[in-house]
Amino acid sequence: MGLTLTETVPQQVAHSEREKVAQINREFTALYDLGRGLCQALHFSADAAASEMTRAKAAVAALAPDTLLVGDRLYCTVEFFGTLRGQQCWGLFRRNRLVGLHKLERLRKRRHGGGCLE
């Protein structure tokens, strides 16, 4: 059902008349429904140094049973799979740094929205 995505989002904030710009790091944890292409939930944390894993576990607690989470290698831990199991959810995570794709066969090629879809 969803994809867990956690990343630091730098935001630029203008100050006073001189338009000085300051970088402020904030954390967003987003859960996307891949089947519908919609954002299911968006959690905000003003503390960019806070643990991503803690926020991810809190987000998992609100998921429905039999939800499939797709995520990055940070979440590929025994502890996180225990959290998923407690919620009766499933997880699919990459383990290695590099992910390679090999094209086996092109089934179809067509133009769509000004681009090429293969």
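Computed from heavy atoms alone, side chains included, the values below leave out hydrogens, waters and symmetry copies. When a residue number appears, it is its place in the shown sequence, counting from 1.
With sequence neighbours excluded, no residue forms a side-chain contact (heavy atoms from CB on, under 4.5 Å) with R85. Shown here are the side-chain hydrogen bond (donor to acceptor under 3.5 Å, both in side chains) partners of T77, two or more places apart in sequence or in another chain: there are none. Applying the side-chain contact (heavy atoms from CB on, under 4.5 Å) rule to A41 yields the partners L31, H43; only residues at least two apart in sequence or on another chain are considered.
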Exercise for the section: Start with the C-alpha distance between F44 and T29, add both sets of side-chain angles, then the distance that settles side chain to side chain contact (heavy atoms under 4.5 Å, CB included), and finish with yes or no. Expected result: CA-CA 7 Å; F44 170 77; T29 301; over 6 Å; no
Exercise for the section: Could you give me the CA-CA distance, side-chain angles and deciding distance for Y32 and L38, then say whether side chain to side chain contact (heavy atoms under 4.5 Å, CB included) is met? Expected result: CA-CA 6 Å; Y32 292 96; L38 301 172; over 6 Å; no
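The line from CG of D72 to CZ of R94 is 4.5 Å long, rounded to the nearest 0.5 Å. In this structure, the separation between CD on E52 and CG on L74 is 5.5 Å, given to the nearest 0.5 Å. With values rounded to the nearest 0.5 angstrom, F93 atom CZ is found 5.5 Å from L69 atom CG. Here CG of L84 is found 11.0 Å from CD of E79. Values are rounded to the nearest 0.5 Å.
Among all heavy-atom pairs drawn from G91 and F81, the shortest one is O-CE2, 3.8 Å. Shown here for C89 and A64, the closest heavy-atom pair between the two residues is SG-O, 3.5 Å.
For the pair Q87 (side chain) and A61 (backbone), a donor-acceptor distance under 3.5 Å is present.
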